[in-house]
Amino acid sequence: MDFEINDIRRYTKMLAPTADFDSIFTFYYDETNNIKKFYVRDEENFNYSFTANFVLGGLVHLGNAPDVQTLIDGFKLQKTAKEVKFKHIASGEFLDCLKSQKLKLFLEFIKDSNLYVHYSSLNILYWALVDIVDSAIASSDTASQLGLQFANHLKNDLYKLSRLEIESVIELFYNYGYPNIKSESINQFIEDLTSLFDDYIDTEEHHFGLESLRQILKEAKKKNSLPFIMDEDDYILLKDLTQFYLRPIYTFKNSTHIFDNEYSISETLKDYKILDNGAEIKNYSFVDSQTNQLTQLSDVFVGLMGKLTNYLNTNSREEIKTDLGLLTDIQKENLDLLINVIDKSHDKNIGFIHNTDSYEEMSKMDEIRKIRKNGC
């Protein structure tokens, strides 16, 4: 499959005009919560928990790689350990992980070195929902003129509603074979979906987004069209993760991308001939992590990010604020170090950080930053 990158790369750069996608970086990757496929299993369940994001990322540097042997020696792993894994550095849920002295060593090293972190984080429930909003907007001449920020606010409000009504949402998806809504079922699907708005639409928090979406969906009913959730496969919300591996390869086309061996992905990527103005790009490889220390350390960072996303997705702002007030000194140090490392990397290049997520969940990280900045 020929995959010409110029148009999609131009669009990506337009969305992030201050990002540096052209310099020559070396990226190392691992992943966590690699779900392969996300689908509606029955009227009560998805096939996989939706509360932990799929995270693909790791470490990145310009120029020569730093020597990380002193860091690895400092972990004092058992001699039977063939490589560094996240499980050797920290364990438990996110707040438990912050108790680790080995994690502190890792984060301090990244902070003080010429290494940076990068990641793409995918909220799979959010991903499953956004085509409803995009389909509605595509059917509305007025809404189509209101821009990306308006669309994202509607997606955020639909996501928040779905978290509150997740059992009803799963049942709705199952009953209609979502995301493959049949033409004759569009009107009833919209009726059943918007009926979930009833208990929330008059509240200050939800009114604008849900009322706007309801009105736009009325236009979709008149046109009998929801273009992005029709002519798909019944129940399959996410077919595979290939596009998330392709994205850094084509956005950072001048860089080198080193992935941990993932057989299914490496085989799938063989089907793509990545072209830059007709010239093939070969800027990525797959390695055995046992042979590459920076790939091993990428597993540590990505493992921690997976724990963080699960924590953010399953706790309210009030619960997070309470938790932060109870942290021990080592937990505070590690949380501050993690924020420092992410912010250092963002400041170096905003292109290193990519989230496909709701405002609701991403804003919780901003709340953590604010609380820690105030020393709480």
Side-chain angles (χ1 to χ4, degrees), residues 1-13 15-16 19 21 25-41 46-50 52-58 60 118-131 134 178-180 228-229 231-276 278-289 295 298-299 302-303 305-306 309 351-357:
M1 182 189 302
D2 287 353
F3 180 48
E4 177 58 60
I5 68 172
N6 266 280
D7 287 344
I8 190 170
R9 192 167 183 271
R10 190 179 304 114
Y11 179 69
T12 302
K13 293 176 78 170
L15 291 177
F21 293 123
F25 301 103
T26 303
F27 290 86
Y28 303 84
Y29 296 82
D30 211 315
E31 72 281 323
T32 190
N33 304 318
N34 188 346
I35 60 174
K36 312 294 185 183
K37 183 182 293 188
F38 186 48
Y39 58 88
V40 183
R41 190 172 67 193
F46 296 124
N47 68 306
Y48 194 88
S49 170
F50 58 83
N53 291 10
F54 166 70
V55 182
L56 174 69
V60 55
H118 69 98
Y119 65 85
S120 294
S121 178
L122 171 68
N123 183 316
I124 57 176
L125 178 62
Y126 181 76
W127 176 264
L129 294 163
V130 295
D131 280 345
D134 287 335
Y178 183 90
N180 186 23
F228 305 123
I229 51 174
D231 301 318
E232 299 290 341
D233 295 326
D234 285 357
Y235 308 123
I236 306 300
L237 305 170
L238 178 62
K239 293 179 182 179
D240 61 56
L241 294 161
T242 306
Q243 61 185 297
F244 299 99
Y245 287 82
L246 282 169
R247 185 185 181 279
I249 291 171
Y250 67 71
T251 50
F252 294 94
K253 68 175 184 179
N254 301 320
S255 295
T256 298
H257 303 271
I258 301 171
F259 295 93
D260 187 22
N261 269 341
E262 177 61 43
Y263 178 77
S264 62
I265 294 296
S266 63
E267 288 299 300
T268 300
L269 289 185
K270 287 179 182 177
D271 294 335
Y272 288 83
K273 188 177 182 181
I274 303 172
L275 302 175
D276 179 21
E280 186 172 6
I281 292 176
K282 288 278 192 176
N283 63 348
Y284 69 90
S285 62
F286 288 83
V287 301
D288 183 342
S289 58
T295 304
S298 294
D299 179 78
V302 168
M305 288 303 299
T309 63
F352 289 164
I353 310 297
H354 180 244
N355 291 288
T356 304
D357 209 335

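What you see is a predicted model, and the numbers here were worked out from it, not measured in a lab.
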Student: When rounded to the nearest 0.5 angstrom, what distance separates NZ in K273 from CE in M1?
Tutor: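 These two atoms lie 13.5 Å from each other.
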Student: Just checking Y250 against F3, ring centres under 6.0 Å apart?
Tutor: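 Between Y250 and F3, the centre distance is under 6.0 Å.
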Student: In the structure I gave you, are the side-chain heavy atoms of D357 and T309 within less than 4.5 Å of one another anywhere?
Tutor: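 A side-chain contact is absent here, since even the closest heavy-atom pair is not under 4.5 Å.
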Student: Kindly indicate whether the side chain of F244, heavy atoms from C-beta on, has any atom under 4.5 Å from the side chain of S120.
Tutor: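 Answer no - side chains too far apart.
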Student: In Å and rounded to the nearest 0.5 Å, what is the NE2 to CZ distance from H257 to F286?
Tutor: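 Result: 11.5 Å between the selected atoms.
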Student: Locate the shortest heavy-atom distance separating G306 from T32; write the atom from each residue and the value.
Tutor: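 Nearest heavy atoms, G306 then T32: CA-CG2, 3.7 Å.
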Student: For residues I353 and N355, report the shortest heavy-atom separation together with the two atoms involved.
Tutor: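 In this case the closest contact between I353 and N355 is CG2-ND2, 3.8 Å.
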Student: Taking all non-hydrogen atoms of both residues into account, name the closest pair between A19 and G351 and its distance.
Tutor: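 A19 and G351 have their closest heavy atoms at CB-N, 3.7 Å.
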Student: Show the nearest heavy-atom pair for residues S298 and G57, with the distance to one decimal.
Tutor: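 That closest heavy-atom pairing would be CB-O, 4.1 Å.
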Student: Between Y272 and I249, is there a side-chain heavy-atom distance shorter than 4.5 Å?
Tutor: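 Heavy-atom side-chain distance check fails, nothing below 4.5 Å.
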Student: So, for K36 and S264, which heavy atoms are closest and what is the spacing to 0.1 Å?
Tutor: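 The answer is NZ-OG, 3.7 Å.
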Student: Taking the side chain as C-beta and beyond, is there a heavy-atom pair between N6 and D276 under 4.5 Å?
Tutor: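 Side chain of N6 against side chain of D276, heavy atoms only: contact under 4.5 Å found.
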Student: Is the ring centre of Y284 less than 6.0 Å from the ring centre of Y245?
Tutor: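 Judged by ring-centre distance (under 6.0 Å), Y284 and Y245 do not meet the cut-off.
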Student: Looking at CG of L246 and OG1 of T251, how far apart are the two atoms once the value is rounded to the nearest 0.5 Å?
Tutor: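 Taking CG in L246 and OG1 in T251, the distance rounds to 10.0 Å.
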Student: Going from NZ on K37 to CD1 on I236, what distance comes out if it is rounded to the nearest 0.5 angstrom?
Tutor: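 Separation between the atoms: 5.0 Å.
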Student: Does E232 reach the main-chain N or O of Y178 with its side chain, forming a donor-acceptor pair under 3.5 Å?
Tutor: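 No; zero donor-acceptor contacts below 3.5 Å.
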Student: Taking it one step at a time, do L122 and L238 satisfy side-chain contact (heavy atoms from CB on, under 4.5 Å)?
Tutor: CA-CA 11 Å; L122 171 68; L238 178 62; 4.0 Å; yes
Student: Report the distance from atom CG of D2 to atom CD1 of I5, rounding to the nearest 0.5 Å.
Tutor: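 If we round to the nearest 0.5 Å, D2:CG and I5:CD1 are 12.5 Å apart.
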Student: Could you tell me if the side chain of I124 sits less than 4.5 Å from the side chain of I35, heavy atoms only?
Tutor: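 When only atoms from C-beta onward are counted, I124 and I35 do touch, with a gap below 4.5 Å.
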Student: Under the side-chain contact (heavy atoms from CB on, under 4.5 Å) criterion, do Y28 and V287 qualify, and how do the steps go?
Tutor: CA-CA 10 Å; Y28 303 84; V287 301; over 6 Å; no
Student: Testing the 3.5 Å rule here: is there a donor-acceptor pair between the side chains of N180 and D234?
Tutor: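 Indeed, the side chains of N180 and D234 share at least one donor-acceptor pair under 3.5 Å.
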Student: Does the side chain of E267 reach to within under 4.5 Å of the side chain of L269, using non-hydrogen atoms?
Tutor: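 The answer is no; the side chains never approach within 4.5 Å.
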Student: Can you check side-chain contact (heavy atoms from CB on, under 4.5 Å) on M305 and N53, steps first, answer last?
Tutor: CA-CA 9 Å; M305 288 303 299; N53 291 10; over 6 Å; no
Student: Heavy atoms, side chains only, cut-off 4.5 Å: are I265 and F259 in contact?
Tutor: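 The answer is no, as the side chains (C-beta and beyond) never meet within the 4.5 Å cut-off.
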Student: Would T295 and D260 count as having a side-chain donor-acceptor pair, cut-off 3.5 Å?
Tutor: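 No - no donor-acceptor pair under 3.5 Å links their side chains.
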Student: Would you check if the distance from the ring center of W127 to the ring center of F54 is below 6.0 Å?
Tutor: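 W127 vs F54: aromatic centres not under 6.0 Å.
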Student: Give the ring-plane orientation class for H118 versus Y29, where under 30° counts as parallel, over 60° as perpendicular and anything between as tilted.
Tutor: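 If you compare the ring of H118 with that of Y29, the planes turn out perpendicular.
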Student: Roughly how far, to the nearest 0.5 Å, is CD1 of I281 from CD1 of I274?
Tutor: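 Rounded to the nearest 0.5 Å, the CD1-CD1 separation comes out at 6.5 Å.
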Student: Is a side-chain donor or acceptor of N47 paired with a backbone partner of R41 at a separation under 3.5 angstrom?
Tutor: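 Checked: no pair found.
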Student: Using side-chain heavy atoms (C-beta onward) and a distance below 4.5 Å, is V302 in contact with Y119?
Tutor: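 Contact flag for V302/Y119 side chains = no.
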